[in-house]
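Input: a single structure, listed below in structure tokens.
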Amino acid sequence: MHQVPDQTKKAISKGAVISFLLLLSIDIGAIAAKNEVLHYIVKPLLMPFLIILFLNAQRSRPKKPEILILAGLVFSWAGDVFLLFDQNGPAFFIAGLTSFLITHILYIGYFLNILSRGKTGKSAMTWVELMVAAFGILLLVILWKGLGVMKVPVIIYATCICMMCIFSLRSSHILPGYIWKWFASGAVLFVISDSILAINKFLVQNPIFPPAIMFTYGIAQLFIVAGAIRLFQAKSDAVLKPAE
């Protein structure tokens, strides 16, 4: 594995990260306090903040793989906005679900691009990847009776997010640890966030769920963006591991 310069490992400004975490904390506080006005103001600002952070860190025109991340953040923003109004009718929830489904498909494309450049001979799923797939199946079984007409959309969504997580984990065979850990952590947190959201929506509601959903979702997106920035600034192919 190639050695990487120290500045690559410090690719994101601490001030920018702290600012995002502060914004996220305000939104979580608004959710916990049931301050809808503040929540409606702050939540739509989170993904644009990460988009600006991502573009600023690159300091050049994004390449095709990075455009997938940017597009994923745009659709995540759309999903955030739609889900703000999901209490007004099922159409808003479906629109939000569709937006995040597209986000996961775009992230899958990004991780597949990494895997295709790594030239690894790995094909069999690891026990960790199998656990992710088993978790997705178990969650569907638990939620099944409460899904109603949403069974097919939720199956499709659960399949996509588990695939996104599995491909991010698989990139451990390609990427150096300091980059891979951000992708893997972000993907796992995304699965946790969406799982809590599904439980809250279709099984049982709990006051702690909405803040937990927002916390895990916000950190997940931050981690994925952090990984993408580090990979981009490390000159991508220069840090990829050779074939095993």
Worksheet item: Where does the angle between the aromatic ring planes of Tyr40 and Phe85 fall among parallel (under 30°), tilted (30 to 60°) and perpendicular (over 60°)?
Response: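 Aromatic pair Tyr40/Phe85 classed perpendicular.
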Are any non-hydrogen side-chain atoms of [X] and [Y] less than 4.5 angstrom apart?
X	Y	answer
Leu83	Phe92	no
Phe54	Ile224	no
Ile105	Met163	no
Ile196	Ile192	yes
Arg170	Phe111	no

Between the main-chain N or O of [Y] and the side-chain N or O of [X], is there a donor-acceptor pair closer than 3.5 Å?
X	Y	result
Ser193	Ile213	yes
Trp182	Leu222	no
Gln221	Met47	no
Thr126	Glu129	yes

Worksheet entry | For Leu68 against Gly109, the heavy-atom pair lying closest together |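 For Leu68 and Gly109, the tightest heavy-atom pair comes out as CD1-C, 3.6 Å.
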Practice prompt. Could you tell me whether Tyr217 and Phe190 have their ring centroids closer than 6.0 angstrom?
Written response: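 Close enough - the centres of the two rings lie under 6.0 Å apart.
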Worksheet item: Would you say Phe20 has more than 12 foreign heavy atoms packed within less than 6.0 Å of its CZ?
Response: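 More than 12 within 6.0 Å, yes.
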